[in-house]
Structure formats: structure tokens, C-alpha cells
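The next block holds one structure in the form of C-alpha cells; read it before the comments.
Lettering of chains follows the sequences in order, A, B, ..., and the numbering in each one begins at 1. Just so you know, these numbers use all the heavy atoms, side chains as well, and skip hydrogens, waters and symmetry mates.
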Protein chains: 2
Amino acid sequence: MAEAVNIKRLAQELNISIATVSKALNDSYEISLKTKNRVWTLAKELNYTPNPAASNLRSHKTKTVAVIIPCVANNFFSLSIKGIEEIARQYGYHVLIYQTHENIEAEVAFTNSLLNGRVDGILTSVSSSEYNSEYYTNLVKKIPLVFFDRVYENLDAVKVTTDDYEIAFQATEHLIECGCTKIAYLYGLENLPAGKARFAGYLDALKTHGIAADEQPVVKYQDDEELNLQHINELLREYKPDALFSSIEEFIIPAYCACREMGLKIPDDVKILSFSNLSTAKLLNPSLTTITQPAFEIGREAAKCLFKILNNKQLDDEQNIILKSMLIKRESTGC
Amino acid sequence: MAEAVNIKRLAQELNISIATVSKALNDSYEISLKTKNRVWTLAKELNYTPNPAASNLRSHKTKTVAVIIPCVANNFFSLSIKGIEEIARQYGYHVLIYQTHENIEAEVAFTNSLLNGRVDGILTSVSSSEYNSEYYTNLVKKIPLVFFDRVYENLDAVKVTTDDYEIAFQATEHLIECGCTKIAYLYGLENLPAGKARFAGYLDALKTHGIAADEQPVVKYQDDEELNLQHINELLREYKPDALFSSIEEFIIPAYCACREMGLKIPDDVKILSFSNLSTAKLLNPSLTTITQPAFEIGREAAKCLFKILNNKQLDDEQNIILKSMLIKRESTGC
DNA sequence: AGGCTAGGCGAAAACGTTTACGTAATTAAA
DNA sequence: TTTAATTACGTAAACGTTTTCGCCTAGCCT
């Protein structure tokens with residue numbers, strides 16, 4: 001605060017021009033090693049760091065990326081961020097976080113606020129409330145963008161996702177093998193490819209095993225804890241399913257609570273299986289069979305892609321990176 | 001990207017000077033309402049947003065704050081961030097996130113990288129690995145800083161914390177009332193005021209109830225899952241405590257697992273109580289008695305304080321804001 | 001008429017970098 | 001020896017704002 005240490009100051013003290021200082025700091029080939037060393041040592045001595053605003057204004061590089069997600073207080077996303085941050089640190093980038101809370105207007109507002117050069121690129125996992133691909137069709141032309149997990153399809157952008165269809169298929173088969181025939185589906189992300197793929201995997205598994213898919217009850221996720229609990233209660237009462245397949249983590253608590261309220265034993269009366277990154281899944285009562293996405297890896301991969309793009313490196317052939325989820329069998333499906 | 005829309009462009013189209021445009025955009029009293037309206041409508045029409053780098057460079061305001069925390073993949077911190085972000089949005093600020101992973105060097109490196117005008121202020125919850133107050137003593141003179149939860153004391157900075165001592169005291173009393181006399185302590189954050197306060201509350205509660213405090217076993221947290229599990233196993237085997245008081249969430253899984261491995265029934269053989277923001281605490285097997293900090297509120301309060309400082313508003317008398325935690329009794333302490 | 005005030009606006013400097021271009025000295029090529 | 005190329009550095013413009021200062025006009029008061 002007291003003594004502003006900038007490039008000019010360095011130049012004066014070393015009796016060279018500010019251009020030389022700038023080039024030396026950026027390790028330009030134009031500058032001799034001798035001069036570079038003088039600059040570097042003085043810079044270190046004076047604790048100089050370049051002013052990011054000035055540098056950004058001139059060079060149009062911010063060394064900053066934005067992460068736009070529904071909510072950070074969610075195991076999947078907080079793990080993703082952890083992965084993103086790890087890579088960002090390696091590349092020397094800064095990370096801005098924006099939470100949309102599944103609100104598409106907030107999502108658009110945030111994104112638009114980034115188009116004036118505030119960031120070099122964006123990592124996003126889109127809101128589930130709507131599927132408005134027009135906006136993103138235009139957006140991807142304006143700024144480097146990588147989607148992760150919750151993506152828009154058919155766009156000229158990199159996407160990092162998981163094998164939602166396959167793992168949902170596999171998980172449904174697991175329930176069927178455990179003897180379930182009335183498998184209710186707790187439906188989340190229904191507007192998004194991920195949600196649809198999970199549901200499709202579930203349906204196809206049922207069909208493959210000769211179970212009438214269209215007769216299975218479905219509860220759609222609402223942004224209201226009470227409502228979800230109520231719907232699951234009704235589901236259990238009216239359809240008496242022998243299994244609940246939950247496509248998102250948010251259904252776990254209401255599902256367990258509903259079973260408890262109705263006096264249903266898990267897994268004897270009803271089996272439960274859910275997509276989830278809960279670290280305490282194995283401690284639940286009973287422990288929960290989960291489909292666990294590699295959230296941390298997804299974040300890492302997405303970030304790596306973005307930084308490759310920002311550094312003009314060629315992306316290896318494919319624009320779609322698909323990682324594998326894990327089906328972890330525990331007591332709640334008990335078999 | 002194609003047509004750069006900046007203040008100059010607006011000025012040209014309206015046939016006024018760029019100074020007038022800038023002042024109009026900032027709603028300066030110097031400009032007539034008529035001109036302001038012309039500027040505002042054109043700005044909206046052309047989708048103009050000011051270049052943050054230029055604006056920052058000139059005005060020394062970034063409309064950005066940094067949050068420095070150990071790890072985002074932690075229920076307490078992710079909830080805090082949610083709170084911070086909510087307030088930041090209200091004030092129109094952007095939020096940078098940095099994860100230290102309890103590494104004091106990373107913490108210092110990140111913080112230093114923010115002192116060149118990248119952010120207007122910092123919200124931090126410090127690493128537990130060390131207590132190096134010299135650094136922060138200097139830091140608070142250089143940039144507006146608010147500590148939350150994990151703080152440095154005796155500094156000229158705002159701190160948002162919780163009633164760690166009182167709630168730990170109260171929780172320990174709860175265990176004693178349940179008949180426990182051999183209460184082992186799982187010690188986390190031992191270098192920080194929060195960790196010390198929790199331990200002190202525990203010790204004082206023991207003393208108050210005539211239990212020899214210095215005979216109670218203590219397991220200190222290690223950054224290694226296996227090691228913690230092993231230590232708790234040893235603890236259970238050698239000291240046969242009738243209760244575990246965990247001062248941090250990270251002990252929950254190893255504690256439950258250790259009990260399971262040793263064939264100990266919770267709460268019959270050993271009761272468990274932990275500081276935690278786990279949303280699934282009530283679903284654990286058995287459900288877990290927790291001390292739950294108001295993480296979301298802490299984030300909100302800390303952010304509010306910082307923005308008040310940044311806007312030169314007077315902080316209400318006190319530099320220390322202390323929020324109340326909740327003791328939520330469940331089956332794991334069964335009484 | 002002359003002087004004053006205030007309102008509304010513009011000119012230009014400044015913020016701290018990066019970079020295109022110029023130049024002098026040295027070295028290599030012819 | 002002359003010419004071309006290379007090395008090492010400097011000059012100055014530019015990035016897009018904000019802000020100080022000054023100017024002009026209109027209206028008001030003596």
C-alpha cells in the first residue's frame with residue numbers, strides 16, 4: 001500500500017526501460033540472461049507481482065476461469081470443484097465460483113457477466129430447470145467453454161460426462177437380480193441428457209428382463225423437501241414397490257425417512273439404490289448401495305480440457321470424454 | 001468478439017464524449033437525466049458491459065473477493081461458501097475460491113498472490129497445520145480481511161466464530177448425563193482457537209462433574225484415514241471408553257468403522273457424539289448426535305462484515321461475531 | 001451591462017502492463 | 001571489406017476505463 005512497486009520502479013532502479021523489464025519478467029527471448037537475472041532478483045527482493053488488471057487489459061488474458069454450478073453444497077459438485085481447483089493451481093489459474101441454484105436466469109446472468117473479459121474460459125454444469133440450447137449455441141462461439149456432467153448436446157463444445165445409461169442399466173439389473181419386479185423410479189434431472197440417459201438405462205434394463213417398464217411408478221424431483229417426502233410416502237403406500245431407484249442424491253434422505261415413517265424395512269420390504277457421492281453411504285442405516293460418479297476426476301478432466309483449449313493445444317481427437325461410474329453394492333439392496 | 005462494444009463506441013454513436021458516457025453509466029450528478037437515458041438505452045441495446053480490467057486498473061476496485069479455505073469438499077465449508085456467495089451476489093461481487101488443503105505454504109502463497117489488487121478483500125478460514133500469527137499480523141494491514149470459524153486471535157480483524165467452548169461443554173455434560181465416565185476425545189484443530197476451545201469445554205465439563213479430566217484418552221487427528229482408524233481401534237481396545245467425543249467431522253467414519261470392526265454396539269457399548277454438518281447424520285446407523293455449526297449463517301455473516309468494510313460502513317461496535325451451534329441429540333448417545 | 005453561479009459536458013491524463021517497431025552494436029556471411 | 005543477419009534493448013502506442021480540471025452556456029442578481 002505504501003510504496004507501489006511496479007514495472008516502472010523496477011526499471012528505474014535497474015536503469016533500464018520498462019519494456020525490457022516486462023520482457024525479462026515474461027522470459028522473452030529478446031532479453032539477455034544477464035539482464036533477466038538482474039530483473040528477477042530485484043523483483044523477488046521487492047516482492048513484485050504484476051498488476052493483474054493492467055496485464056489483463058493489455059494482453060486480454062486473465063488467468064482466471066469461472067465455474068458455474070447449481071450449488072456448491074452438494075457432494076458431487078464440491079468434489080468436482082476440488083478437482084478443478086487442483087488442475088487450475090497447476091496451470092496457475094484462478095477460479096471464480098457461481099451458484100445458480102438451478103435457476104436458469106441466474107445462470108444466464110452470471111454467464112453474461114463473464115463475457116466482457118473477466119475470465120478466459122468457463123466450466124459449467126448447467127441448471128436442470130430448463131433446457132435452453134439456443135443460448136448455449138451462441139455462447140460457445142463467444143468464449144471457451146467446457147461442460148461437465150450436466151451438458152448441452154449437439155454443440156461445438158467439449159463435454160465431460162459419465163456412462164449414465166450403462167450404469168443405470170447395470171444398477172437396474174442388480175435390483176432385478178435381487179428379485180425386485182416393482183421398481184419405482186425417483187426421477188431427477190429430467191430435462192437434461194444425464195437424467196434422460198439414466199431413465200433410459202433403467203427402462204431398457206426392465207424391458208430386457210421382461211418387466212413392463214411403463215407400469216413402473218415414477219416420482220419426479222421437486223425443489224421442496226417436504227413435497228418429495230410426501231410423494232415418496234404416497235408412492236410407497238399406493239404402489240408398494242419392492243425397490244426404489246433414485247437418480248439423484250437428493251432423494252436419499254426423503255426415501256429413507258419415508259420408509260422409516262411407513263415402517264418398511266430396508267432391504268427386506270423395499271430395496272434402495274441411488275446415484276450418490278455421499279461419503280457416509282456405507283454408514284447409513286442400512287448402508288446404501290450407490291452409483292458413484294468419479295466427481296473429482298470429472299472436475300480434473302474438464303479443467304484439463306479447458307486449459308488445453310486456452311493454451312491452443314490440440315484436444316485429442318474426441319470432444320466427448322466419458323468416465324465410468326461405479327456401482328457399489330451395500331446392504332440397502334441386500335443380496 | 002466481432003464488434004468490440006466499449007465506451008468509445010457508445011460515445012461515437014451518441015455524439016458525446018467518452019467522459020460523459022462513463023459518468024452517465026456511473027449515474028454521476030454531473031450528467032443530465034436526458035443524456036443518462038440516452039446512454040443507458042443504447043448501452044442496453046448494444047449489450048454493453050464495462051471491461052472489468054480497465055475499470056479495475058483505473059479505479060482500484062475489483063468487485064471481487066477471495067475465499068481461502070482448507071477444502072471445499074467438506075460440509076461445513078461448502079455450506080459456508082453457499083452463504084458467502086449469496087451475500088456476494090446481493091452486493092454484486094464475484095467470488096474466487098482457493099483451497100489450501102491444510103497446507104500453510106499454499107495458504108500463504110495464495111494470499112500473497114491476492115495482494116496486487118486482484119481482489120478487494122479476503123474471507124479466510126485458516127489451515128490447521130500451523131498457527132503462524134506473524135504473517136497475519138502483517139497481512140491485516142494490507143488488505144481487508146475477515147476470518148471465519150478458523151481464526152487468528154488478537155489481530156485487528158473481524159472474526160466470525162461459534163460458541164465452541166460452551167457447546168462442547170454442553171455436549172460433554174450430555175454424555176455424562178447419559179452415564180458416561182470414560183469419555184475419549186478425538187482431537188482436531190489442535191493448533192487453532194476453535195480446537196482448543198472445544199477441548200477446553202470438554203475438559204471443564206468433566207471437571208465440573210468430578211471426572212478426572214487428565215485420565216481421559218485423546219486421539220489426535222492425522223491427515224491419513226487409515227491412521228485415524230487404527231488409532232481409534234487402539235483406543236477402543238486399550239482404554240475401553242464408554243463414549244467418543246469427536247471434535248471434527250472427519251472422525252465420524254473411522255469411529256463408526258472402528259466400532260463395527262470391534263463389534264461394539266453404539267450406543268450400548270460406546271456412545272458417539274461429533275461436531276458435524278453432515279446432512280445424513282440422522283440416517284446413520286445409528287443416527288448420530290451432532291454439534292452442528294450454523295455454517296451457512298457463518299458464511300453469510302462473514303461476507304456481510306467484509307462488504308460493510310469494503311463499503312466503508314461502520315461495523316456495529318463488535319469485531320467478534322459469535323454464532324450459536326446446536327446440539328442435536330440422536331441415537332448414538334441414546335438417552 | 002457586467003459579474004456570478006451552476007449545470008452540463010469535453011479534453012486529457014492516468015492506471016500498469018504488453019507489444020509492434022525502431023535502432024545500435026555485434027557477429028556472421030559473402 | 002562490405003553486407004546481411006542477429007542480438008539486446010528502447011520508444012511509444014495501446015488496452016478501456018475513471019477522474020480532474022476547465023470550458024461554455026444560460027440564467028440570475030446587482
Side-chain angles (χ1 to χ4, degrees), chain A residues 1-40 42-43 46-64 92 113-120, chain B residues 1-40 42-43 46-64 92 113-120:
Chain A
M1 257 179 193
E3 8 69 48
V5 38
N6 51 23
I7 252 186
K8 203 194 228 167
R9 166 93 179 277
L10 295 184
Q12 284 176 347
E13 303 220 358
L14 293 174
N15 257 319
I16 55 180
S17 78
I18 64 166
T20 305
V21 175
S22 173
K23 288 173 190 167
L25 290 170
N26 292 316
D27 203 10
S28 161
Y29 69 96
E30 294 183 59
I31 306 300
S32 71
L33 188 58
K34 195 172 148 191
T35 314
K36 281 180 187 173
N37 279 326
R38 290 182 62 214
V39 173
W40 291 339
L42 183 65
L46 298 185
N47 236 317
Y48 167 82
T49 55
N51 179 301
S55 156
N56 167 214
L57 176 59
R58 182 55 227 244
S59 68
H60 299 291
K61 298 281 167 205
T62 64
K63 279 278 181 181
T64 305
S113 80
L114 300 172
L115 296 179
N116 51 17
R118 185 173 287 275
V119 298
D120 296 341
Chain B
M1 258 182 191
E3 8 70 45
V5 39
N6 51 23
I7 253 187
K8 202 195 229 168
R9 165 95 180 275
L10 294 183
Q12 283 175 346
E13 302 220 359
L14 294 174
N15 256 319
I16 56 181
S17 76
I18 63 165
T20 305
V21 174
S22 173
K23 288 173 189 166
L25 289 171
N26 292 317
D27 204 10
S28 160
Y29 70 96
E30 293 182 60
I31 306 299
S32 71
L33 188 58
K34 197 170 146 191
T35 314
K36 281 181 187 173
N37 279 325
R38 291 181 63 213
V39 173
W40 290 340
L42 183 65
L46 298 184
N47 238 318
Y48 167 80
T49 55
N51 179 301
S55 157
N56 167 214
L57 176 59
R58 184 54 229 242
S59 69
H60 299 290
K61 298 282 165 203
T62 64
K63 279 277 181 185
T64 305
S113 80
L114 300 172
L115 296 179
N116 50 16
R118 185 174 287 275
V119 299
D120 296 341

From CG (B/Leu42) to CG (B/Leu46), nearest 0.5 Å: 4.0 Å
Proximity to DNA chain C (any heavy atom under 4.0 Å), residues of residues 27-40 of chain B only: B/Glu30, B/Ile31, B/Ser32, B/Thr35
d(CD1, A/Ile16; C1', C/dA24) in whole Å: 17 Å
B/Ser113: side chain to side chain donor-acceptor pair (under 3.5 Å) partners, not counting sequence neighbours: none
Listed partners of A/Asn116 passing side chain to side chain donor-acceptor pair (under 3.5 Å), at least two apart: B/Thr49
Non-neighbouring partners of B/Lys63 that pass salt bridge (Lys or Arg N to Asp or Glu O under 4.0 Å), sequence neighbours left out: none
Closest-nucleotide ordering on DNA chain C, the 5'-leading residue of A/Asn51 and A/Lys23: A/Asn51
Interface with DNA chain D, restricted to residues 55-63 of chain A and to heavy atoms under 4.0 Å: A/Leu57, A/Arg58
Sugar-phosphate only, base, or nothing, as touched by B/Ile18 at under 4.0 Å among non-hydrogen atoms: base
Set of side chain to side chain donor-acceptor pair (under 3.5 Å) partners for A/Asp27, sequence neighbours left out: A/Lys36
Terminal axis angle for the helix from C/dA1-D/dT30 to C/dA30-D/dT1, five pairs an end, nearest 10 degrees: 50°
Under the side chain to side chain donor-acceptor pair (under 3.5 Å) test, residues paired with A/Ser55 that sit two or more places apart: none
Within residues 11-20 of chain A or reaching into it, pairs that qualify as salt bridge (charged side-chain N to carboxylate O under 4.0 Å, His left out) - sequence neighbours excluded: A/Arg9-A/Glu13
Whole angstrom value for the distance that separates C1' of C/dC9 from CG of B/Leu14: 14 Å
Separation of B/Gln12 CD from B/Leu14 CG (nearest 0.5 Å): 10.5 Å
Separation of A/Asn6 CG from A/Asn51 CG (nearest 0.5 Å): 8.5 Å
Residues that B/Thr20 engages under side chain to side chain contact (heavy atoms under 4.5 Å, CB included), provided they are two or more places apart: B/Ile16, B/Ser17, B/Ile31, B/Thr35
A/Ser22 side-chain N/O to C/dT18 phosphate OP1/OP2 under 4.0 Å: yes
Test item: side-chain donor near acceptor, B/Asn56 and B/Thr62, under 3.5 Å: no
Set of residues satisfying side chain to side chain contact (heavy atoms under 4.5 Å, CB included) with respect to B/Asn26, sequence neighbours excluded: B/Ser22
Any A/Asn47 side-chain heavy atom under 4.5 Å of B/Leu115 side chain: no
Contact interval (first through last nucleotide) of DNA chain D with protein chain A, 4.0 Å heavy-atom: D/dA8 to D/dG16
